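Below is one structure, written out as structure tokens; comments come after it.
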Amino acid sequence: MGGYAKVTVAALAIVPGPDSTITFVEQIRGPFSNHLLLPGGRVEFGEDLVEAARREALEEAGAFLGELSLTGVYEMRGPWAQGDYHVVMFAFRAEQRAVVPEGFHGDVGKIVQVPWTPFDLIRR
């Protein structure tokens, strides 16, 4: 990987849904296109990190979020067709459940709320 032209600051939201589900959205552009990810994206200039996570959840999944708790900060670097990317992602967890409105179409591909499985229950 060569030099990075810039660092992108982003925020995502872990959105619990009904019946112990988690909300995922299909990315349609960027280095993770065609993958299901948690709703999130770039923080706009002058925007608060928490507000960015709320905005992204609303734009991508139609989910209105209340209180959010910071769960982690992740740094991702790698190559893709447009050059190297470098993202610092702030991850927040919504404290209340949210439902994707029926028929909602955000600025992403499909939106799914899938059952959550605790990692300690996953066996190989």
Side-chain angles (χ1 to χ4, degrees):
M1 289 182 280
Y4 298 93
K6 66 178 182 168
V7 176
T8 300
V9 177
L12 65 78
I14 301 165
V15 181
D19 301 320
S20 299
T21 59
I22 298 291
T23 305
F24 289 92
V25 296
E26 180 184 27
Q27 297 301 299
I28 56 175
R29 58 188 168 278
F32 301 104
S33 64
N34 300 317
H35 289 84
L36 287 174
L37 302 176
L38 298 165
R42 182 175 294 140
V43 176
E44 296 177 0
F45 181 78
E47 186 176 34
D48 177 87
L49 292 168
V50 171
E51 289 307 313
R54 282 192 185 108
R55 175 183 52 77
E56 289 291 343
L58 181 60
E59 289 175 359
E60 294 185 353
F64 288 93
L65 303 182
E67 185 178 341
L68 298 178
S69 298
L70 182 66
T71 63
V73 180
Y74 305 91
E75 182 177 31
M76 299 168 285
R77 300 178 192 213
W80 70 301
Q82 283 71 26
D84 293 338
Y85 65 89
H86 185 180
V87 178
V88 175
M89 179 70 74
F90 291 80
F92 295 89
R93 182 186 187 283
E95 296 301 325
Q96 295 83 28
R97 294 180 192 172
V99 176
V100 174
E102 190 171 329
F104 179 83
H105 297 287
D107 59 355
V108 294
K110 65 184 169 186
I111 304 165
V112 295
Q113 289 186 296
V114 297
W116 175 78
T117 302
F119 289 110
D120 62 335
L121 296 180
I122 297 173
R123 307 266 189 248
R124 288 188 174 236

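Note that the coordinates shown come from a computational prediction; the quantities given were computed from them, not determined experimentally.
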[X] to [Y] - nearest heavy-atom pair and separation:
| X | Y | value |
| --- | --- | --- |
| V43 | A11 | CG2-N, 4.0 Å |
| L12 | A53 | O-CB, 3.7 Å |
| E95 | S69 | OE2-OG, 2.5 Å |
| E67 | Q96 | N-OE1, 3.4 Å |

Count I, L, V, M, F, W, Y as connected when their side-chain heavy atoms are under 4.5 Å apart, and connections chain through other members. Are [X] and [Y] then in the same cluster?
| X | Y | result |
| --- | --- | --- |
| V73 | F92 | yes |
| L58 | V15 | no |
| W80 | L36 | yes |
| L49 | L68 | yes |
| L65 | F90 | yes |

Roughly how far, to the nearest 0.5 Å, is CZ of R54 from CD of E47?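 Here the interatomic distance stands at 11.0 Å.
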Reported CD-to-CE distance for the pair E75 and M89, which is rounded to 0.5 angstrom: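 Those atoms lie 12.0 Å apart.
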Q27 and E60: CA distance, side-chain angles, deciding distance, side-chain contact (heavy atoms from CB on, under 4.5 Å) verdict: CA-CA 9 Å; Q27 297 301 299; E60 294 185 353; 4.0 Å; yes
Donor-acceptor under 3.5 Å (T71 side chain, A91 main chain):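 Such a contact is found between T71 side chain and A91 backbone.
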Please tell me if the side chains of R93 and P16 come closer than 4.5 Å, counting only heavy atoms from C-beta onward.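 In short, these two side chains touch, coming nearer than 4.5 Å.
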Residue pair I28 / S33, side-chain heavy-atom distance below 4.5 Å: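 SC-SC contact between I28 and S33 ruled out.
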For residues 97-115, please give each side-chain donor-acceptor pair under 3.5 Å, one per line with the distance, not counting sequence neighbours.
| from | atom 1 | to | atom 2 | distance (Å) |
| --- | --- | --- | --- | --- |
| H105 | NE2 | G103 | O | 3.4 |
| Q113 | NE2 | T23 | OG1 | 2.9 |
| Q113 | NE2 | A98 | O | 3.0 |

ring-ring contact (aromatic ring centres under 6.0 Å, His included): pairs with one or both residues in residues 14-57, sequence neighbours excluded: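 Sorted pair list: F32-Y85.
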